[in-house]
Q: 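One structure coming up, written as structure tokens, with questions to follow.
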Amino acid sequence: MILPVLQYPDPRLARKAVAVEEISPRIRALAADMTETMYAGDGVGLAAPQVGESLRLVVIDISGPERREDLHVLINPVLTLSGEELSADEGCLSVPDYSARVTRREFAAVRAVDLEGRPVAFNASGRLAVCVQHECDHLDGVLFIDRLSRMKRGMLDRRLKKKAAEHGR
Ligand code: NI
């Protein structure tokens with residue numbers, strides 16, 4: 001089932017999510033729905049808070065909705081970052097029609113649990129490293145636009161305000 005994706009400035013996007021305590025049928029269904037929603041939205045990642053569930057669960061597939069070859073369902077992920085600071089373009093299903101360069105660390109060592117409750121550990125670099133950092137930020141209530149310079153963020157906020165005014169209330 002495709003779920004509605006919350007959009008900035010929905011306050012639920014700014015909340016810190018809580019750990020998944022048990023991999024129940026509800027969690028499995030949520031992960032499946034999030035995966036479907038991510039592909040339908042042409043996204044490469046989606047975090048549970050984006051669909052209104054304040055839980056530490058993310059889905060990622062940087063191969064994209066056409067290929068669907070590299071799906072990661074990560075429960076309670078923890079990252080250890082290393083390497084240089086690099087900037088790359090990012091977008092987010094919760095911030096439609098906007099992308100900007102964000103500075104992230106080059107490598108992320110990922111530890112999590114999968115849907116079977118098995119421990120998962122892998123080292124991410126390149127686009128996958130960017131994506132895991134972006135998605136795990138959502139679990140702490142942080143959006144990529146929170147990492148922009150004050151000037152860039154101000155420009156975005158003014159643009160969104162103008163758009164909201166144009167579309168009426
Ligand atoms: Ni996002």
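Counting from 1, the numbers follow the sequence of the chain as shown. Order of listing sets the numbers, starting from 1, for every ligand and every atom in it.
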Q: Using 0.5 Å steps for rounding, measure from the OG1 atom of Thr37 to the CE atom of Met1.
A: 8.0 Å
Q: Work out which heavy atom in Leu6 is nearest to a heavy atom in Pro49; give both atom names and the distance.
A: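 Shortest heavy-atom contact: CD1-O, 3.5 Å.
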Q: How many angstroms lie between atom CD1 of Ile62 and atom CG of Leu128, to the nearest 0.5 angstrom?
A: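 Here the rounded value is 5.0 Å.
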Q: Which protein N, O or S atoms lie under 2.8 Å from the Ni ion (ligand 1), given by chain and residue number?
A: Cys92 SG, His134 NE2, His138 NE2
Q: Please assess Leu115 against Ile75 for the test side chain to side chain contact (heavy atoms under 4.5 Å, CB included), listing each intermediate value before the final yes or no.
A: CA-CA 7 Å; Leu115 278 177; Ile75 297 169; 3.9 Å; yes
Q: Among Glu90, Glu84, Glu85, Gln133, find the residue that satisfies the side chain to side chain donor-acceptor pair (under 3.5 Å) test when tested with Arg104.
A: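 Going through the options one by one, the only one that passes is Glu90.
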Q: So, Gln50 versus Ser94: side-chain donor-acceptor pair below 3.5 Å or not?
A: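 Yes, side-chain donor-acceptor contact under 3.5 Å.
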